[in-house]
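Notes follow the structure.
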Amino acid sequence: MQHSNIITKNNDGSLNVPEVVTLPFIEGDGTGPDIWRAARLVIDGAVKIAYNGSRKIHWMELPAGEKGYAQTGDYLPQSALDAIKHHVVAIKGPLTTPVGKGIRSLNVSIRQKLDLFACVRPVKYIDSVPSPMKHPEKIDMVIFRENTEDVYAGIEWEANSDDARRVIGFLTGQMGALIPADAGIGIKPMSEKNSKRLVASAITHAINNGYPSVTLMHKGNIMKFTEGAFSKWGYEVARERFGNVTITEAELHDAYAGKQPEGKIVIKDRIADMLFQQVLLRPEDFGVIATPNLNGDYISDALAAQVGGLGMAPGANIGDECAVFEATHGTAPKYAGLDKVNPGSLILSGAMMLDYMAWKEAAMLIRVSIQRAIQSKTVTYDLARQIMGATEIACSAFGRAIVHHMTP
């Protein structure tokens, strides 16, 4: 590939994106090929229409998942990771991970090996999508989930294994812990450095996108030195790096009588179980939510349900060197090859990718057109069964319908 087709990154984090750019993609397993074909059609259509053909994406497939294993004997070849890092931006479908055996999550491995420390999941209602909420239009949040540590670090030992017995022996004998002899053991590391960089990226996003608050989600009342520390470090980085634009909730009430001053972002924290209630009861109170890894997995899927489900939930994994945009749902193998499932998650992740590349006109065109397609009631089965009078169409047909709605 010519170097001129590759995105480069400046010292300040901004991107240099050529008019004709090469982007890697991982098709994914299960329904991955179906949704990728629809997503590619929509992304290419939006870029062509938004820029009258002056900009274009050359797609470069990377082997990973089942296809990677078939081609290379490796589910996640190093060559694929190197290509993502070299090209700075990539997009991927869902990848298979056996539960309870075999390889660890490929999604987690990609995040850790490329140090994609922020899992970013915007959750905003699309008009006409069926929702269990009375007022889903009030939901406009962005989850910043720490991606590299917490229990997802994968440091664990099987019950009754020699390693588990050694760890239990140390914890009971040397540290005074009470642990059943037949327990499985997991370690939950959470560091100041990784917590602070995650919260800093969340605050930066709030500043750049006009969100009034950043909420630190944690279970620090129980896990004081991991989740509690996450909250403490979050407040510290807000004060240290963003003290001119941030205030705490206490300062809001004590110094400003509860009236948020213009140009200030409120930093607050909520216990995890309380936040699950509040995003249901008062979603308008929350903008950006910064959270450790496991909490972020839970809250982002729960919020996706409030606006219509994972089929329409985009996501990105972003680090200092590169970013991978992805479908947030699983592989749904029973629907593989049936041209049936909703490609909306990957399509909207593609819009996030275009935003990241500063091709915002194409990104907006995708979002507007997907809403028009849903409003016209020609949708995939998951939406058709919930929308009165809807016509069920295939995954590929939904992609074509979105492109159709791009033209005036």
Taking only residues two or more places apart in sequence, or in another chain, which ones meet [X] in a ring-ring contact (aromatic ring centres under 6.0 Å, His included)?
{"X": "Y51", "result": "W359"}
{"X": "F242", "result": "none"}
{"X": "Y125", "result": "none"}
{"X": "Y356", "result": "F325"}

I'd like to check the side chain to side chain donor-acceptor pair (under 3.5 Å) partners of [X]; sequence neighbours left out, ordered by chain and number.
{"X": "S369", "answer": "none"}
{"X": "D339", "answer": "S396"}
{"X": "K219", "answer": "D273"}

Do D163 and S161 have side-chain N/O donor and acceptor atoms under 3.5 Å apart?
no
List in chain and number order the residues that pass side-chain contact (heavy atoms from CB on, under 4.5 Å) with E236, two or more places apart in sequence or in another chain; answer none if no residue qualifies.
E192, K196, K232, W233, R239, E240
With Y298, which residues qualify under side-chain contact (heavy atoms from CB on, under 4.5 Å), at least two apart?
F276, L294
Which pairs with one or both residues in residues 382-398 pass salt bridge (Lys or Arg N to Asp or Glu O under 4.0 Å), sequence neighbours excluded?
K340-E392
Please list every donor-acceptor pair under 3.5 Å in which a side-chain atom of residues 257-264 meets a protein atom from a residue at least two apart or in another chain.
| unit_1 | atom_1 | unit_2 | atom_2 | d |
| --- | --- | --- | --- | --- |
| Q260 | NE2 | P212 | O | 2.9 |
| Q260 | NE2 | K264 | O | 2.8 |
| K264 | NZ | N244 | O | 2.8 |

Taking only distance into account, with no hydrogens and no angle test, what donor-acceptor pairs under 3.5 Å do side-chain atoms of residues 173-185 form with protein atoms, sequence neighbours excluded?
none

